[in-house]
Protein chains: 2
Amino acid sequence: MEGIGRDIMYAIARAQKALYRLIREDAARVGITEVQLIVLYTLLKKEHIRLHDLAEKLNLSNSNVSGTVDRLVSAGLVVREPSKRDRRAVILSLTEKGKETVLAAFGEQSVLRRRLQRIQELISPEEIEQFLRLQEKVKTILLGEE
Amino acid sequence: MEGIGRDIMYAIARAQKALYRLIREDAARVGITEVQLIVLYTLLKKEHIRLHDLAEKLNLSNSNVSGTVDRLVSAGLVVREPSKRDRRAVILSLTEKGKETVLAAFGEQSVLRRRLQRIQELISPEEIEQFLRLQEKVKTILLGEE
DNA sequence: CCCGAATAATTTCAATACGAATTATTTCCA
DNA sequence: TGGAAATAATTCGTATTGAAATTATTCGGG
């Protein structure tokens with residue numbers, strides 16, 4: 001692992017840690033954990049999704065999401081219901097309380113929202129576009145899909 | 001969380017997952033976990049480091065690193081010794097076996113090494129430089145240090 | 001139509017991961 | 001210098017994480 005490779009690794013890791021720290025902050029404000037908030041947000045954007053599809057969307061294992069959903073159901077934020085089309089599957093949706101929670105977390109007081117806006121103020125659209133393109137390219141090569 | 005912000009979040013998360021998957025693969029080949037390999041690698045690059053400094057370098061909590069070091073000591077890959085300068089601190093170093101393990105993990109057979117090289121073959125030095133610069137800029141803004 | 005392969009979810013287990021509390025030691029300043 | 005504040009590490013509790021095994025169901029080819 002020579003210089004450049006190491007730089008790339010550390011850069012990716014640092015950006016991710018910074019991002020998760022913000023999500024954790026917003027999540028803590030409404031009394032949940034970061035992964036729970038990410039799951040709620042995903043469900044807000046796409047209701048009635050199957051557990052497997054949710055796990056795929058989030059790049060998490062089924063077992064992981066299954067446990068997280070357990071806790072969200074216990075907290076009254078999410079409901080599980082068996083799929084009518086496929087009796088193996090379960091369909092997930094937000095409860096009213098779940099909706100309120102995610103909206104409160106990412107609402108006016110959200111640190112993450114403020115910082116993401118700041119990025120758009122301080123970095124030009126061309127550079128952001130460039131950033132996303134390179135990020136995607138690096139990811140594709142890392143996955144061996146080039 | 002509108003379009004661009006979400007794109008940035010997902011891009012960062014995806015790159016990190018791809019990276020960690022590779023590290024996990026190399027680590028599994030030598031019979032350890034990804035975090036354990038990252039710790040061993042860090043110790044290879046900087047021997048005789050204090051636990052607190054190691055945790056800081058890796059952006060991990062002290063308690064987390066303490067537990068990971070426990071397992072590495074049990075496996076005979078790392079040794080703990082009390083610092084002479086500061087009796088509160090412990091100094092960490094690799095054993096001979098620890099050195100061999102990390103060198104084997106990131107040696108010729110390393111998938112991560114191969115993919116990082118591939119990045120340098122497929123992406124121009126200017127673009128890599130640009131990538132690292134933007135990555136750093138985004139991280140700084142996310143941390144609120146702009 | 002039927003049975004083996006594939007798929008969806010859960011459970012279990014070991015390893016992260018972090019915050020809070022605790023213990024031991026050092027620092028620093030009144 | 002004496003003691004409060006800060007620092008280093010560990011322990012504890014809870015919540016991720018993913019691989020592997022398990023169960024239930026669906027799919028697909030003969």
Side-chain angles (χ1 to χ4, degrees), chain A residues 13 16-25 27-40 42 48-75 77-92, chain B residues 13 16-25 27-40 42 48-75 77-92:
Chain A
Q16 193 263 355
K17 298 261 175 179
L19 178 63
Y20 268 64
R21 199 153 299 165
L22 291 181
I23 299 178
R24 186 177 311 140
E25 210 170 309
R29 199 161 29 74
V30 298
I32 58 177
T33 66
E34 76 224 46
V35 178
Q36 289 174 10
L37 178 52
I38 292 171
V39 167
L40 291 186
T42 310
H48 308 301
I49 189 178
R50 304 185 327 164
L51 189 145
H52 176 79
D53 296 333
L54 175 61
E56 196 146 283
K57 216 177 178 55
L58 300 180
N59 259 302
L60 296 174
S61 65
N62 274 12
S63 58
N64 184 353
V65 174
S66 188
T68 299
V69 168
D70 276 349
R71 284 177 285 274
L72 288 171
V73 169
S74 299
L77 303 174
V78 165
V79 285
R80 267 193 183 98
E81 44 184 344
S83 165
K84 290 184 184 87
R85 294 171 182 287
D86 185 339
R87 301 222 309 268
R88 294 168 301 181
V90 300
I91 304 292
L92 305 172
Chain B
Q16 193 263 356
K17 298 261 174 179
L19 178 64
Y20 269 64
R21 199 152 298 166
L22 290 182
I23 299 178
R24 185 177 312 139
E25 210 171 309
R29 199 161 28 74
V30 297
I32 59 177
T33 66
E34 76 225 45
V35 178
Q36 290 174 9
L37 178 52
I38 291 170
V39 167
L40 291 186
T42 310
H48 308 301
I49 190 178
R50 304 186 325 165
L51 188 144
H52 176 79
D53 296 333
L54 175 61
E56 196 146 282
K57 216 176 179 57
L58 299 180
N59 260 299
L60 296 174
S61 65
N62 275 11
S63 56
N64 184 354
V65 174
S66 187
T68 299
V69 168
D70 276 349
R71 284 177 285 275
L72 288 171
V73 169
S74 299
L77 303 174
V78 166
V79 286
R80 265 193 184 98
E81 45 184 343
S83 165
K84 291 186 183 83
R85 294 172 180 285
D86 185 339
R87 301 222 310 269
R88 293 168 302 181
V90 301
I91 305 292
L92 304 173

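Protein chains get the first letters and strands the later ones, always in sequence-line order, with residue 1 at the start of each. The shown structure was predicted, so the numbers you read here are calculated from the model rather than taken from an experiment.
With rounding to whole Å, B:Leu51 atom CG is found 8 Å from D:dA8 atom C1'. Atom CG in B:Asp53 sits about 10 Å away from atom C1' in D:dA8, given to the nearest Å. Between the C1' atom of D:dA9 and the CD atom of B:Glu56 lies a distance of 14 Å, rounded to the nearest Å. In this structure, the CG atom of B:Leu37 is 17 Å from the P atom of D:dG18, given to the nearest Å. The separation between A:Ile32 atom CD1 and D:dT16 atom C1' is 14 Å, rounded to whole Å. Counting to the nearest Å, the C1' atom of D:dT11 and the CG atom of B:Asp70 are 10 Å from each other. Taking atom CG on B:Leu54 and atom P on D:dT10, their separation rounds to 11 Å, with Å as the unit. For the pair B:His52 NE2 and D:dA6 P, the interatomic distance rounds to 15 Å; values are reported in whole Å.
Using a 4.5 Å heavy-atom threshold, the side chains of B:Leu72 and B:Arg80 count as separate. Between A:Leu77 and A:Leu40, some side-chain heavy-atom pair lies under the 4.5 Å cut-off. Residues A:Asn62 and A:His52 have side chains in contact (heavy-atom distance under 4.5 Å, counting atoms from C-beta outward). Side-chain contact check for B:Arg50 versus B:Asp86: some heavy-atom pair is nearer than 4.5 Å. Two residues are said to be in side-chain contact when any heavy atoms from C-beta on lie closer than 4.5 Å; B:Arg71 and B:Ile32 fail this criterion. The closest side-chain heavy-atom distance from A:Val90 to A:Glu81 is not below 4.5 Å.
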Could you encode protein contacts along nucleotides 13-20 of chain C as a string, one character per nucleotide from 5' to 3', using B for base contact, S for sugar-phosphate-only contact and - for no contact, with a heavy-atom cut-off of under 4.0 Å?
--SBBBBB
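Shown here for A:Ser66 and A:Leu51, the closest heavy-atom pair between the two residues is CA-CD1, 3.9 Å. Heavy atoms only, all atoms of each residue included: B:Ile23 and B:Leu37 are closest at O-CD2, 3.9 Å. Residues B:Lys17 and A:Asn59 come closest through the heavy atom pair NZ-O, 3.5 Å. Shown here for A:Ile91 and A:His48, the closest heavy-atom pair between the two residues is CG2-CA, 3.4 Å.
Remark on DNA chain C: of its neighbouring residues A:Val90 and B:Arg85, the 5'-side contact belongs to A:Val90, judged by nearest-heavy-atom nucleotide.
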Could you write out each protein N or O paired with an N or O of nucleotides 22-25 of chain C at a distance under 3.5 Å?
residue : atom : partner : partner atom : Å
C:dT25  : O2   : B:Arg88 : NH1          : 3.4

Between the protein and nucleotides 1-5 of chain D, list the N/O to N/O atom pairs that are separated by less than 3.5 angstrom.
none

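Partner of B:Thr68 under the side chain to side chain contact (heavy atoms under 4.5 Å, CB included) criterion, out of B:Val39, B:Leu54, B:Val78: B:Val39 alone.
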